[in-house]
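Numbers here are sequence positions counted from 1.
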Amino acid sequence: MSKKSIGSRTLKAGAALLAVGAGVAAINAKNKNGTEKKEIKEIQKKEYEQYRNTERGKYDKNSKGIYYSNGNYEAFARPEKPEGVDAKSAYIVGSGLASLAAACFLVRDGQMKGSHIHILEAMDIAGGACDGINDPTRGYVMRGGREMENHFECLWDLFRSIPSLEKPGASVLDEYYWLNKHDPNYSLCRATVNQGEDAHTDGKFNLSQKGCMEIMKLFFTKDEDLYDKKIEDFFDEEVFDSDFWLYWRTMFAFEDWHSALEMKLYIQRFIHHIGGLPDFSALKFTKYNQYESLIMPMVKYLESHGVQFQYDTKVTNVLFDIDGKKKTAKQIICIHNGEEETINLTVNDLVFVTNGSCTERAMLGDQNTAPDLTIQNGEGACWDLWRKIARQSQDFGHPDKFCSDISKTNWESATVTTLDDKIPPYIEKICKRDPFSGRVVTGGIVSVKDSNWLMSWTVNRQPHFKNQPKDQLVVWVYGLFTNKPGNYIKKPMRECTGKEITEEWLYHLGVPEDQIEELATKSANCVPCMMPYITAFFMPRTSGDRPKVVPDGCRNFAFLGQFADTVRDTVFTTEYSVRTAMEAVYTLLDVDRGVPEVF
């Protein structure tokens, strides 16, 4: 058969398909009776009403009561005051980033009176996982840090409205933008080997063609086909032995047994930054630790609007009235100052709960004490609260899917503070920058390729705390493998004191072995932190394990944070916390403004 005849047949087939899809009914109308002609007109009318070849309907709200948007037109617009908001109030359980963001959106976009917003916090300080303190008995402590990028659309939408605490007339976004313009982030040494030598990963992924194909196969796999699947179900040594996997797992804290679905979502979400993965040039960081740079400005903003913070308040249950498909939160049970209290609710009382927590039951040690490891799988107040809520409806998720195997969800961090001038030269030799300059130092984590703990460490801009002495450095260290003996300290990281973790770190910095113990004892202070659930949200899951932000039928209730489910975005990011907060507020208050699309 000739190419001409093949092409002719193809054209005829294409024309036939077009006729079927667009105009066959009209062509055959002459042979139809009057009833059939009427049916054809109804079909054409419906096609028109479905906004074919038009932008009408672009801002129609979806089944959740919100719509997604992009561009400056929506970004700069202020929504009208929602109908009936003055008669509503809000109770927000927890005061982490998601909860504070929800309160900010209630004030700014929902235009709810601050005095109507009540934040119930079990601890005596706000911030949740976004912490950073100077513990007078231990020293500086930060359980983790936050890596951000320029397309955290909901996060920046929020912080454009939060006033800076240091620069009059500027927002948190303004000061962050200026900082990262003047001092852009990038790493000069991504990994080391052989006690402080540059591993010379040199920006390469070192992926074979087979490894690339394994990643592409995962990228194009349907979400439904990844339910309850592990990363190791898709990758083998072709990926796991590559520098790509070193970059990826140390930056995002993925383990081989974690969710293949979350891995895929991460690849899709950050594919625009794949070129900046080896040197962290895609990342941006705050001036100080996450508590002082992000949380404190939000708290001050909310307090200025009269939002009520109630500390030492542990919420133990939220009770629902479930009538068919309708679900209404009717009571909050809590313990305040040691006494049980009940908050009775109406449909006008909105309830926002952060379900689950990656830092639940985080255990601190100190320079001479290892963290206490006496904890059972699933133990923790946040998990108990979610379980009690989940027992009332299948729509409220399945917490035990995430918290029932601590051996697969833990890692340990440590905050090391240098006390004199003996350790900083070793840091400077590796990062190739003056750590006391006030500018970018390591530019992200430095991973130790041959560490038995798979140790990584970072020095952010110093001082990292506002009250930090000028001659001290605060260093963050973490290890993914907490159950393996170290290279220098022949003990698992989880059993080590702060001093022993510092010794292991100094060994990998290249400090001569005969000086390690003295420097760890006299020239540094270290506070270890064991986090049993830090990667719980990466556990393999299926549909419904994470509840929707606003579960089906809920009239006055929403979930927030890393264990609530919203489409396309990725957990373990500040953006995810803020996005769930924005969607929750916009849904329950019927705010008529678009939630920024995931980039």
Counterpart residues, side-chain hydrogen bond (donor to acceptor under 3.5 Å, both in side chains), relative to S357 (two or more places apart)
T359
Take atom NZ of K548 as the centre, draw a 6.0 Å sphere, and report whether it contains more than 12 heavy atoms from other residues, nucleotides or ligands.
no
Side-chain donor-acceptor pair present, T328, N556, cut-off under 3.5 Å
no
Are there over 12 heavy-atom neighbours, none belonging to K314, within less than 6.0 Å of that residue's NZ?
no
Of all residues at least two apart in sequence or in a different chain, which pass the side-chain hydrogen bond (donor to acceptor under 3.5 Å, both in side chains) check with E153?
H151
Going by an N to O cut-off under 4.0 Å, is there a salt bridge joining E175 and K287?
no
Please test F537 against F572 for ring pair (Phe, Tyr, Trp, His ring centres under 6.0 Å), starting from the C-alpha separation and ending with a verdict.
CA-CA 8 Å; F537 32 61; F572 211 5; 4.7 Å; yes
Answer yes or no: is there an ion pair linking R541 with D228, defined by an N-O contact shorter than 4.0 Å?
no
Test side-chain hydrogen bond (donor to acceptor under 3.5 Å, both in side chains) on R190 and T442; report intermediate values, then the result.
CA-CA 8 Å; R190 178 62 181 84; T442 58; over 6 Å; no
Between Q562 and S577, do the side chains contain an N or O donor and an N or O acceptor separated by less than 3.5 Å?
yes
Might you confirm whether atom NZ of K167 has over 12 heavy atoms from other residues, nucleotides or ligands at distances under 6.0 Å?
no
So, T409 versus T535: side-chain donor-acceptor pair below 3.5 Å or not?
no
How about T342 and Q331: does a side-chain donor come under 3.5 Å of a side-chain acceptor?
no
Taking every non-hydrogen atom, the tightest pair across I332 and V315
CG2-CG1, 3.9 Å
Angle between ring planes, F559 versus F396, binned at 30° and 60°: parallel, tilted or perpendicular?
perpendicular
Does a salt bridge link D183 with R439, judged by any charged N lying under 4.0 Å from a carboxylate O?
yes
For Q310 and T313, test the side chains for any donor-to-acceptor distance below 3.5 angstrom and give the result as yes or no.
yes
Could you please spell out the steps behind the ring pair (Phe, Tyr, Trp, His ring centres under 6.0 Å) verdict for W156 and Y176?
CA-CA 10 Å; W156 305 132; Y176 184 91; 4.6 Å; yes
Contacts of Y288 that satisfy side-chain hydrogen bond (donor to acceptor under 3.5 Å, both in side chains) - sequence neighbours left out:
E166
side-chain hydrogen bond (donor to acceptor under 3.5 Å, both in side chains) contacts in which one or both residues fall within residues 99-112, not counting sequence neighbours
S99-T354, R108-D157, R108-S161, D109-Y586
Check this for me, if you would: do D323 and K326 make a salt bridge, where the nitrogen-to-carboxylate-oxygen distance has to be below 4.0 angstrom?
no
side-chain hydrogen bond (donor to acceptor under 3.5 Å, both in side chains) partners for E214, two or more places apart
K210
For a quick test of your reading: what N or O donor-acceptor pairs under 3.5 Å do the side chains of residues 71-79 make, sequence neighbours left out?
unit_1, atom_1, unit_2, atom_2, d
E74, OE1, Y67, OH, 3.2
E74, OE1, G594, N, 3.1
E74, OE2, Y67, OH, 3.2

With a 3.5 Å cut-off and no angle check, do the side chains of N348 and T346 form a donor-acceptor pair?
no
Distance-only side-chain donor-acceptor flag, D174 / S171, under 3.5 Å:
yes
Please determine whether the number of non-hydrogen atoms from other residues, nucleotides or ligands lying under 6.0 Å from atom CD of E83 exceeds 12.
no
Parallel, tilted or perpendicular: which one describes the rings of W386 and F402, with boundaries at 30° and 60°?
parallel
H464 and N289: side-chain donor and acceptor closer than 3.5 Å?
no
Return the minimal non-hydrogen interatomic distance between Y301 and H305, and the atom names on each side.
O-CD2, 3.1 Å
More than 12 heavy atoms of other residues, nucleotides or ligands under 6.0 Å from CD of E80: yes or no?
no
Minimum side-chain heavy-atom gap W383-F563 below 4.5 Å
yes
K230 atom NZ: more than 12 heavy-atom contacts under 6.0 Å
no
Could you tell me whether K327 and D552 make a salt bridge, using a distance below 4.0 angstrom between a side-chain N and a carboxylate O?
no
To check you understand the geometry: which heavy-atom pair defines the closest contact between I119 and G94, and what is its length?
CG2-O, 3.5 Å
Would you call F244 and L277 a side-chain contact if the rule is heavy atoms closer than 4.5 Å?
yes
Heavy-atom count check: over 12 atoms from other residues, nucleotides or ligands less than 6.0 Å from Y177 OH?
no
D124, CG atom: more than 12 neighbouring heavy atoms under 6.0 Å
no
Under a 4.0 Å N-O cut-off, is there an ion pair linking E262 with R546?
yes
Under 3.5 Å side-chain donor-acceptor pair for R579 and T574:
no
